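Here is the structure we will look at.
On a predicted model such as this, the values are computed, not experimentally measured, just so you know. We count residues from 1, following the sequence as given. We count ligands from 1, going down the list as the structure has it; atoms in each ligand are counted the same way.
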Amino acid sequence: QFVSLRQRILSAVQKNATRGDPRSVIRAIDQFCSQKEWAMNVGNEKGCILDSVVSEVNPATVLELGTYCGYSTVRIASLLPPYAKFITLEFNPDFAAVARQVIAWAGLEDKVQLVEGASSDWIPKIKEQFGIKTFDLVFLDHWKEHYLSDTKLMEECGLLRKGSVLLADNVICPGAPDYVEYVRSSPRYKSHYFRSHLEYTKAEENLWYLGIIE
Ligand SMILES: O=C(NCCCCCn1ccnc1)c1cc(-c2ccc(F)cc2)cc(O)c1O
Ligand SMILES: [Mg+2]
């Protein structure tokens with residue numbers, strides 16, 4: 001019978017990765033997506049850039065918008081200090097169900113809280129629901145047309161502070177032009193981009209790095 005792509009990704013993890021070993025989970029997904037079927041994980045090339053930003057920021061609080069199958073969630077969670085608080089938001093319940101199992105396979109279920117629902121609904125509730133004041137790092141990888149509105153919403157809810165870092169996937173493909181325009185023209189942000197490629201392809205892509213300076 002029909003098996004969804006996300007189920008095939010989960011099966012590849014359960015078949016080829018070692019329980020409790022995050023790097024083997026990442027490798028299993030990357031091998032499946034480069035050899036069998038493309039999927040919209042951030043991938044290894046951009047994933048290494050993500051790793052370096054997480055390591056440099058060494059965040060105590062992280063928000064990920066867009067969990068999908070949990071690939072970037074596992075990359076980030078495996079680099080966090082023990083006291084860190086990491087929340088990942090996923091709108092699609094089918095994606096969330098697979099992500100929970102991928103995160104558990106990596107043995108990282110205690111490091112991250114996966115919350116199901118719309119980011120615009122959840123962002124205003126994060127402070128009181130999770131006891132978080134501000135985020136040291138935000139990884140944007142959800143609907144591209146929501147990058148700008150959700151960044152403004154995080155500002156309005158006081159979730160960003162001087163020094164907060166926002167890292168956005170896909171600013172070229174599928175693209176988030178209004179977001180790039182806004183942050184580039186705002187004095188509040190110092191921004192630059194890391195040149196890369198769309199996951200598992202040779203298409204040009206950038207990871208957009210944003211430092212909040214005011
Ligand atoms: O749409 C993407 N992600 C959002 C998925 C839905 C998020 C739901 N959600 C979660 C929380 N709140 C809402 C995405 C797409 C592509 C892509 C690139 C080329 C192509 F030809 C087709 C697709 C590559 C990515 O790297 C992506 O991230
Ligand atoms: Mg993406």
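Residue contact check: Glu199 has heavy atoms under 4.0 Å from atoms 24 (C), 25 (C), 26 (O) of ligand 1. For ligand 1, the atoms sitting less than 4.0 Å from at least one non-hydrogen atom of Leu89 are 11 (C), numbered in the order shown with element in parentheses. The atoms of ligand 1 that sit less than 4.0 Å from any heavy atom of Gly66 are 10 (C), 11 (C). Of all the atoms in ligand 1, the ones that sit under 4.0 Å from a non-hydrogen atom of Leu198 are 18 (C), 19 (C). Near Glu90, meaning under 4.0 Å from any of its heavy atoms, are these atoms of ligand 1: 8 (C), 9 (N), 10 (C).
Contacts between His146 and ligand 1, counted as non-hydrogen atom pairs separated by less than 4.0 Å, are absent for every part of the residue. Residue contacts with ligand 1 for Tyr200 are absent, since no atom lies close enough (heavy atoms, distance under 4.0 Å).
Looking at atom 5 (C) of ligand 1, its nearest protein heavy atom turns out to be Met40 CE, 3.5 Å. For atom 22 (C) of ligand 1, the closest non-hydrogen atom on the protein side is Trp38 CH2, 4.1 Å. Counting protein heavy atoms only, atom 19 (C) of ligand 1 is closest to Cys173 SG, 3.7 Å. Considering only non-hydrogen protein atoms, atom 9 (N) of ligand 1 sits nearest to Phe91 CB, 3.7 Å. The protein atom (non-hydrogen) at minimum distance from atom 15 (C) of ligand 1 is Pro174 CG, 3.7 Å. When hydrogens are left out, the protein atom nearest atom 1 (O) of ligand 1 is Lys144 CE, 3.8 Å; that is the closest non-hydrogen contact.
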Ring pair (Phe, Tyr, Trp, His ring centres under 6.0 Å) assessment of His142 paired with Tyr147: CA-CA 8 Å; His142 63 329; Tyr147 281 19; 5.5 Å; yes

Side chain to side chain contact (heavy atoms under 4.5 Å, CB included) assessment of Tyr71 paired with Asp30: CA-CA 9 Å; Tyr71 174 93; Asp30 282 332; 2.6 Å; yes

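Arg75 approaches Cys48 most closely through the heavy-atom pair NH2-N, 3.6 Å. Residues Val171 and Glu205 approach most closely at N-OE1, 3.4 Å, considering heavy atoms. Here the shortest heavy-atom pairing between Pro59 and Ala84 reads O-CB, 3.7 Å. Of all non-hydrogen atoms in Glu199 and Val42, the two that sit nearest each other are CB-O, 3.6 Å. For the residue pair Ala77 and Lys111, the shortest heavy atom distance occurs at O-CE, 3.6 Å.
Residue contacts with ligand 1: Thr67 is placed with no nitrogen or oxygen under 3.5 Å of a nitrogen or oxygen of the ligand (distance criterion only). Residue Asp169 has at least one nitrogen or oxygen atom sitting less than 3.5 Å from a nitrogen or oxygen atom of ligand 1, judged on distance alone. Polar contact with ligand 1: absent for Asn41 (N/O pair, distance under 3.5 Å). Any N or O atom pair closer than 3.5 Å counts here, and Trp143 shares no such pair with ligand 1. Polar contact with ligand 1: present for Asn170 (N/O pair, distance under 3.5 Å).
Of all protein atoms, those that are N, O or S and lie under 2.8 Å from the Mg ion (ligand 2) total 3.
No hydrogens or angles considered: nothing links the side chains of Tyr200 and Asn44 as a donor-acceptor pair under 3.5 Å. A donor-acceptor contact closer than 3.5 angstrom links the side chains of Thr88 and Thr67.
Classification of the His192-Tyr209 ring pair by plane angle, with boundaries at 30° and 60°, yields parallel.
A cation-pi arrangement is present between Lys152 and Tyr182, with the terminal nitrogen or guanidinium carbon under 6.0 Å from the aromatic centre and inside a 45° cone about the axis.
Leu137 and Tyr179 end up in different hydrophobic clusters when Ile, Leu, Val, Met, Phe, Trp and Tyr side chains are linked at under 4.5 Å.
Using a 4.0 Å cut-off between charged side-chain N and carboxylate O, Glu90 and Arg100 make no salt bridge. Taking 4.0 Å as the cut-off between side-chain N and carboxylate O, Lys144 and Asp169 do not count as a salt-bridged pair.
Of the protein's heavy atoms, at least one falls inside 4.0 Å of atom 26 (O) of ligand 1.
The number of heavy-atom neighbours closer than 6.0 Å to OH of Tyr193, taken from other residues, nucleotides and ligands shown, is 12 or below.
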